[in-house]
Amino acid sequence: MDYSKKIDKKWQARWDKEKVFNAKTQGDRRPKYYCLVMFPYPSSELHVGHARNYVIGDAVSRYKRMQGFNVLSPIGWDAFGLPAENQAIKHKIHPREWTLKNIQRIKEQLKSWGIGYDWPREIATCQPDYYKWTQDIFLKLYSKGLAYRKEAQVNWCDSCKTVLANEQVVAGKCERCSSEVIQKDLRQWFFKITDYAQRLLDDLSLLGDWPERVKLMQENWIGKSVGVEINFPVQDSKTILNCFTTRIDTIFGATFLGLSWEHPAIAELIKDSPNKKEIELFIEKVRNQPQSARLIDSFQKQGVFTGKFALNPLNGKKTPVWIANYILPGYGTGAIMCVPAHDTRDFEFAVQYKLDIVEVIRAKDKSGAPKTVSEVYEGEGIMVNSGQFNGLSSEQGKEKISDYLQENKIGKRAVNYKLRDWLVSRQRYWGAPIPIIYCESCGEVAVPDKDLPVVLPEVKEFLPTGQSPLTYIDKFIKTKCPKCGKAARRETDTMDTFVDSSWYYLRYISPQEKKTAFVSSDVNNWLPVDQYIGGVEHAILHLMYSRFINKFLMDQGLIDFPEPFKKLFTQGMIVKDGNKMSKSKGNVVAPDYIIDKYGADIMRLYILFMGPPEKDAEWQDEGLGGCFRFIQRALKLVDMLAECSQNSQSQPNVQEKELLRKIHSTIKEVTRDLEGNFQFNTAVSRVMELVNQVYKGINQATLGKEVLGQAVKTVFLLLSPFTPHISEEVNQILGNKESIFKSSWPLVNEEYLKEEEVEIAVLVNGKVRDKLKIDVSWSKQEVEKKALSLEKIKNALQEKAPKKTIYIDRKIVNIVT
RNA sequence: GCCGAGGUGGCGGAAUUGGCAUACGCGUCGGUCUCAAAAACCGAUGAGGGCAACCUCAUGCGGGUUCAAGUCCCGCCCUCGGCACCA
């Protein structure tokens, strides 16, 4: 038989008609399995790199279906947001049009690859019946004080003309357009994700089936530090400087205090200073420095003395207060105690401005104050020059001093996180409007539930100006206050796309639901997602936001599971010529020509076969040819089977026995590959081996119809998650009426795996010298005796007497002299 | 700088977790078919040496443990990813 595109179309239509992929969320007795792929962002058509995600997801869901699970595999569109809007502007069309066009195109692509989705559950985040509920979740957060507006220094991309979340700034540049991100003081909307920092950290331990590296990335991003806050009173002033430190054991070495340039106490400290002008100039200079300037190695530590001294609360020592450019305003209290002897950053600063350096922690092999940066000891040790705490270890010192601070009310134990609140407002058009109204007399008012959704109005101009385009739509802005009925105006910012995608996996369960975002009881039955599949680029952004929203919804009693995604698989990128595929590099591999030349199954097979799915892989067109030849070879067996007239004997002959063993060992290994961490590449190669062995038997004309039939059937059953169209066709040719995906995954018959005779390696002093066929019933002594009688072994031994022999059952025998 | 992943033929990559390194595929070479080419099929293919049977050396480098190491331990080198003055 030949494989042609007709076969693809034929089976795609059949699957649709027979609703093979439409799950019943209620009343199905089979165990549920929710297989979710990260939904596509429709800003352009898909290439083979994208295809990997969907092909893997499809292979998993088809496999699980054959294993007897009630599988849910939905799809939708992450359809709001900057990339679509930017593309639309570039092509001079409305973002909606652009997006819907792409959705149409991608849908065709996914269908032509035979990816089996539950299409009636399709959702798009840009549709009012979806974003109504995004707004609803916003208001739920708002009512709990977890969505709030504040004036803050925020990341601003001047090319995209909008603010960005911390997570969307990569090395000081905009994640989307790579232009320099600057800091602006703006009034913006935030989600209080920091309230969940500890739980987001703790619950990583519930995620046993997540890749370790993703959990580590989240852990680092949350960045928990345990320490103390300590008060330094300033001389001749009412000001008290509160510093956070994780190394309170070094307090006696604090020779100066450092303030960030935004510290609120600065104005008070310098108000009478003769150098006021100079200090203000310095602050202005630092404030205007771009973020990326701090990332380069040559970044110069600079500072200015305030003229004030603070008193060390432990020894009363006078400590100069400086303002320094290396102290971050957004972390801790924005003020630190600086210990140059035990912190390289403080050391560099101290050297530059000739400040004191006092050793207070003695390392095993070092002593004395450091003279160069490399001598700075940052580890723990024994406390010295530390008054009553001398002789304690750092660990004991931390405890003792923390107690001392609490008792004397000059400080307290404290915890800090690097995680910042999630900035969710955007000054752009293509997003869900933030459902808030401003009233002169009532202030900030939530849009009542009955008025949702706040529909995104049609506009003609959506070019970014730094103001949301909605600002110019009078009809949209002008409204009435829901509380007092007076004239009021609407919030004009839209929400970050990551808000849309932080809950979509809940909507799939009841996508048409009109009364609520999701039906709790159904969601509780179907979630958490059993298998989530997507790119590692979402390790922090989407996956952290979703975990946060999930926890929030649990706290509201709306769902009963703490984590949304039980198991996570992050597939590697497909690269071409060593580079990520991109239009600008001109190295995009579009799937159309592959489908045209070879058909969908060959592309699917190659994508799965090209390498371990979690690793990056280099696309090579030649690899497709290999998969094509393999399928041709396998299909030829179907014809050979039809023509085979050789009836099997009642007892299988030697080759048939071997083939039966191979069939069942292949089932066993392929199943193990799929059950483990989706080792599709080895699964495919094992089926290739099986086919190779069938050919050996056929060439020797030793295979009867019965065994050959079993082999052919097994080959295509095992391949069916990977090459579904071909497998369906063969399944039909073999006389089955039902879809192969309604049949069950083959089972191993252990009987066939039993061997009477095996070949083992015979080693002399660890080196293989010969092979030996043994009967599995033989004892060690018998094997040893046989091995010693081999010519090659005698030669290798050269008359030396064996000292001992190691026999590993059915594997090797090693003779040691 | 800190954290993580990895380094195996000409290439993509296997190796049941300490037990026959290089499965499977690509590529290359040789053969069959053909006027010829392509396709297809069959065979060979880690490196070096030898007429040969065979021998020696090979999993980034250097040590170690073991009857046995790609796999375990110690010390380096290199590549890729994340974070980046977080006190």
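Chain letters run A, B, ... following the sequence lines, proteins first, then strands; residues in each count from 1.
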Can you figure out which of B:U16, B:C67, B:G25 approaches the side chain of A:Met688 most closely? B:G25
Would A:Asp249 and A:Ser394 count as having a side-chain donor-acceptor pair, cut-off 3.5 Å? yes
Starting at CD1 of A:Ile230 and ending at C1' of B:A87, how long is that distance when rounded to a whole Å? 13 Å
Parallel, tilted or perpendicular for A:Phe680 and A:Phe678, by the 30°/60° rule? parallel
Shortest side-chain distance from A:Thr246, nucleotide among B:C41, B:A87, B:A14: B:A87
Salt-bridge test for A:Lys398 and A:Glu380: reply yes if a basic N is under 4.0 Å from a carboxylate O, no otherwise. yes
Without decimals, in angstroms, what is the distance between A:Ile698 CD1 and B:C42 P? 11 Å
CE of A:Met610 versus P of B:A14: gap in Å, rounded? 13 Å
May I ask you to say what A:Gly623 touches in the nucleic acid, namely base, sugar-phosphate or nothing, with a heavy-atom cut-off under 4.0 Å? nothing
When rounded to the nearest Å, what value does the distance between C1' atoms of B:C2 and B:U56 take? 45 Å
So, is A:Arg629 close to the B:C26 phosphate, meaning a side-chain N or O under 4.0 Å from OP1 or OP2? yes
Can you name the nearest heavy-atom pair linking A:Pro320 to A:Leu355, along with the distance? CG-CD2, 4.2 Å
Verify the contact: side-chain N or O of A:Arg633 to OP1 or OP2 of B:C42, cut-off strictly under 4.0 Å; return yes or no. yes
Taking only N and O in the side chain of A:Lys767, is any of them less than 4.0 Å away from OP1 or OP2 of B:C57? yes
Under 3.5 Å, is there a donor on one side chain and an acceptor on the other for A:Tyr326 and A:Asp346? yes
How far, in whole Å, is B:U45 from B:G81 if one measures between their P atoms? 38 Å
Nearest to the side chain of A:Ser225, heavy atoms from C-beta on, is which of B:A87, B:G19, B:C24? B:A87
What is the nucleic acid contact for A:Asp346, judged by heavy atoms within less than 4.0 Å: base, sugar-phosphate only, or nothing? nothing
Could you identify which residues of residues 613-621 of chain A place a heavy atom less than 4.0 Å from some atom of RNA chain B, listed by residue number, or say none? A:Asp616, A:Gln620
Under 4.0 angstrom between A:Asn220 side-chain N/O and B:A84 OP1 or OP2: no
Categorize A:Asn692 for me: base, sugar-phosphate, or nothing, with a 4.0 angstrom heavy-atom threshold over every strand shown. sugar-phosphate
Tell me what A:Lys803 touches on the nucleic acid: a base, only sugar-phosphate, or nothing, going by heavy atoms under 4.0 Å. nothing
Pairing donors with acceptors under 3.5 angstrom, does anything connect the side chains of A:Thr682 and A:Asp673? yes
Does a distance-only test, which skips hydrogens and angles, find a donor-acceptor pair under 3.5 Å between the side chain of A:Lys418 and the base of B:C83? no
How would you label the glycosidic angle of B:U17: syn (within 90° of 0) or anti? syn
To the nearest Å, give me how far apart CG (A:Leu419) and C1' (B:C83) are. 14 Å
In plain terms, say whether A:Lys215 and A:Glu212 are close enough for a salt bridge, that is, a side-chain N and a carboxylate O under 4.0 Å apart. yes
Any idea which of B:C24, B:A15, B:G19 is nearest the A:Thr682 side chain? B:A15
Compare the minimum distances between each of B:A87, B:U16, B:A23 and the side chain of A:Ser685, then state the nucleotide with the smallest one. B:A23
Between A:Phe244 and A:Tyr331, how do the two ring planes meet: parallel, tilted or perpendicular, split at 30° and 60°? perpendicular
Does A:Phe609 reach a base, just sugar-phosphate, or nothing at all? Heavy atoms under 4.0 Å. base
Which of these nucleotides, B:G19, B:A14, B:C26, is closest to any side-chain atom of A:Ile812? B:G19
Measure the distance from CD on A:Glu669 to C1' on B:A15 and round it to the nearest whole Å. 11 Å
Side chains of A:Ser225 and A:Asn416: any donor to acceptor distance under 3.5 Å? no
So what stems show up for RNA chain B if we need 3 or more Watson-Crick or G-U pairs in a row, all under 3.5 Å? B:1-7 with B:77-83, B:10-12 with B:24-26, B:27-32 with B:40-45, B:46-49 with B:54-57, B:60-64 with B:72-76
How should the glycosidic conformation of B:G9 be described, syn or anti, under the criterion that syn lies within 90° of 0? syn
What is the nucleic acid contact for A:Leu216, judged by heavy atoms within less than 4.0 Å: base, sugar-phosphate only, or nothing? sugar-phosphate
Looking only at atom C1', what distance separates B:G18 and B:U66, rounded to whole Å? 9 Å
Parallel under 30°, tilted from 30 to 60°, perpendicular over 60°: which one fits the rings of A:Phe628 and A:Tyr598? tilted
With a 4.0 Å cutoff (strictly under), does any side-chain N or O of A:Arg769 reach OP1 or OP2 of B:C55? yes
Please report the C-alpha distance between A:Phe256 and A:Phe349 in whole Å, then the side-chain angles of each, then the deciding distance to 0.1 Å, and finally whether the ring-ring contact (aromatic ring centres under 6.0 Å, His included) criterion is met. CA-CA 10 Å; A:Phe256 63 101; A:Phe349 192 84; 5.4 Å; yes
Whole angstroms only, please: what is the OH-P distance between A:Tyr598 and B:A39? 11 Å
The side chain of A:Asn681 is closest to which nucleotide in this list: B:C20, B:C83, B:A14? B:A14
Whole-Å distance separating the CE atom of A:Met640 from the P atom of B:C41: 10 Å
How far apart are the closest heavy atoms of A:Glu614 and A:Phe569, and which atoms are they? N-CZ, 3.8 Å
5'-most contact on RNA chain B: A:Lys804 or A:Arg810, nearest heavy atom basis? A:Arg810
Taking any heavy-atom pair under 4.0 Å as a contact, classify A:Glu219: base, sugar-phosphate, or nothing. nothing
Expressed in angstrom and rounded to an integer, what is the separation of A:Phe628 atom CZ from B:A40 atom C1'? 11 Å
Report yes or no: is there a donor-acceptor pair, N or O only, under 3.5 Å between the side chain of A:Asn814 and the base of B:C67? yes
Heavy atom of residues 330-338 of chain A under 4.0 Å from RNA chain B: which residues? A:Tyr331, A:Ile336
What nucleic acid atoms does A:Ile327 come within less than 4.0 Å of, heavy atoms only: base, sugar-phosphate, or nothing? base
A:Glu689 with A:Lys662: basic N within carboxylate O range, under 4.0 Å: yes
Let's see if you can work this out: which of B:G27, B:C83, B:C67 has an atom nearest to the side-chain heavy atoms of A:Ile806? B:C67
Counting only heavy atoms not in A:Glu757 (residues, nucleotides, ligands), do more than 12 fall under 6.0 Å from its CD? yes
Pick one: which of A:Glu167, A:Gln168, A:Gln183 meets side-chain hydrogen bond (donor to acceptor under 3.5 Å, both in side chains) with A:Asn155? A:Gln183
Aromatic ring centroids of A:Phe282 and A:Trp261 under 6.0 Å? no
What distance, rounded to whole Å, do you find between the two C1' atoms, one in B:C54 and one in B:G50? 8 Å
Assign each of A:Ile760 and A:Lys792 the nucleotide of RNA chain B bearing its closest heavy atom; nearer the 5' end lies the nucleotide of A:Ile760
Given B:G27, B:C67, B:A21, the nucleotide with the shortest approach to the side chain of A:Glu622: B:G27
